[in-house]
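Chain letters run A, B, ... following the sequence lines, proteins first, then strands; residues in each count from 1.
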Amino acid sequence: MLLGALLVREDETGRRVGRIVETEAYAGPEDLASHARFTSRARNAVMSGRPGIAYVYLVYGMYDCLNVVTGPPGRASAVLIRAVEPLEGVATMRDSRRRVGRRRRERSYPDGRCRHATSRPVPDRHLARGPGLVGACFGVDRSWTGTDLCDPASVLRLEADPRADDRPFAVTEGPRVGVRYAGLEWAGRPWRFAIDGHPSVSRAR
DNA sequence: TTTCCGATCCCCT
DNA sequence: GGGGATCGGAAAA
């Protein structure tokens, strides 16, 4: 169970901590929504390896999404971390996030300023509200694939929340996001999990 | 409020 | 050659 656990990055860039509030499960090769369905080993070989290892992929040519390999070796499966509640290193997250999509903003606003006075800064609790944003906030890209997230010595790792007793939560489940291509049988499975009512959970689109 | 679009690039078919 | 485990801003309503 990853919900409620802490995602930690600690190195010369500082210490960033986020509490996992939303995940999605991807089963083995038979799951038509999972990257494990591809026969090619190049991209997803790590998914068949030891659990607890990071699998990071690029979506839409722009966003890196962080997964945790979950199945026993030989059975490719993973959990996508879809959203995190920023707890520590918020300024670093915001700065790291700003770099992603910068080129696009420069194209939209060549003069370097936003035209709309109504646009407000993103609140802290929404910094990592989505899988692409989790990768952006933690500065994780595909080169991080293979990192052992369960090794306490890793720069990027998972930790139990020492304050878990103070933060009880209920879990909601629903269909996974953005996998309509997989067909009803797989797209309809309620394999998206979130902390009920948490403001850092990604919005339905 | 909801819907739509472009950005950007890697991998599979 | 084509579309995707996304996102933010603009247009539509």
Using a 4.0 Å heavy-atom cut-off across all strands, classify A:A42 as base, sugar-phosphate, or nothing.
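No contact.
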Across the strands shown, which category fits A:G61 at heavy-atom distances under 4.0 angstrom: base, sugar-phosphate, nothing?
base
In whole angstroms, how far is the [atom2] atom of [N] from the [atom1] atom of [X]?
{"X": "A:Y57", "N": "C:dG3", "atom1": "OH", "atom2": "C1'", "value": "14 Å"}
{"X": "A:L32", "N": "B:dC12", "atom1": "CG", "atom2": "C1'", "value": "14 Å"}
{"X": "A:D64", "N": "B:dA7", "atom1": "CG", "atom2": "P", "value": "20 Å"}
{"X": "A:E22", "N": "C:dC7", "atom1": "CD", "atom2": "P", "value": "9 Å"}
{"X": "A:R37", "N": "B:dT13", "atom1": "CZ", "atom2": "C1'", "value": "12 Å"}
{"X": "A:N44", "N": "B:dC12", "atom1": "CG", "atom2": "P", "value": "7 Å"}
{"X": "A:I81", "N": "C:dT6", "atom1": "CD1", "atom2": "P", "value": "15 Å"}
{"X": "A:R203", "N": "B:dT2", "atom1": "CZ", "atom2": "C1'", "value": "11 Å"}

Should A:E22 and A:R203 count as an ion pair when the cut-off is N to O under 4.0 Å?
no
Between A:R142 and A:D64 (salt bridge meaning N to carboxylate O under 4.0 Å), is one present in this structure?
yes
Is A:S34 reaching over with its side chain to a backbone N or O of A:A27, donor-acceptor style, under 3.5 angstrom?
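Yes; judged by distance alone, with no hydrogens or angles, the pair exists.
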Quick check against the 3.5 Å criterion: does A:E24 have a side-chain atom that pairs as donor or acceptor with the backbone of A:V177?
yes
How far does the C1' atom of B:dC10 sit from the matching atom of C:dG8, given to the nearest Å?
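Rounded to whole Å, the distance is 22 Å.
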Of the listed nucleotides [options], the one nearest the side chain of [X]:
{"X": "A:L133", "options": "C:dT6, B:dA7, C:dG8", "value": "C:dG8"}
{"X": "A:F38", "options": "B:dC12, C:dG4, B:dT8", "value": "B:dC12"}
{"X": "A:R43", "options": "B:dA7, B:dC9, B:dC11", "value": "B:dC11"}

Within residues 126-136 of chain A or reaching into it, pairs that qualify as side chain to side chain donor-acceptor pair (under 3.5 Å) - sequence neighbours excluded:
A:H126-A:R129
When you measure from the side-chain N and O atoms of [X] to the phosphate of [N], is any distance below 4.0 Å, counting only OP1 and OP2?
{"X": "A:Y60", "N": "C:dT6", "result": "yes"}
{"X": "A:R82", "N": "C:dT6", "result": "yes"}
{"X": "A:R176", "N": "C:dT6", "result": "no"}

Go through the structure and list residues passing ring-ring contact (aromatic ring centres under 6.0 Å, His included) with A:Y57, not counting sequence neighbours.
A:H35, A:Y55
Would you say A:V134 ends up clustered with A:Y63 if hydrophobic residues are merged whenever their side chains have heavy atoms under 4.5 Å apart, either directly or through other cluster members?
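Shared cluster, no.
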Could you write out DNA chain C as a dot-bracket string, with dots for unpaired bases, | for bases paired across to another strand, and Watson-Crick or G-U pairs counted at under 3.5 Å?
||||.|||||||.
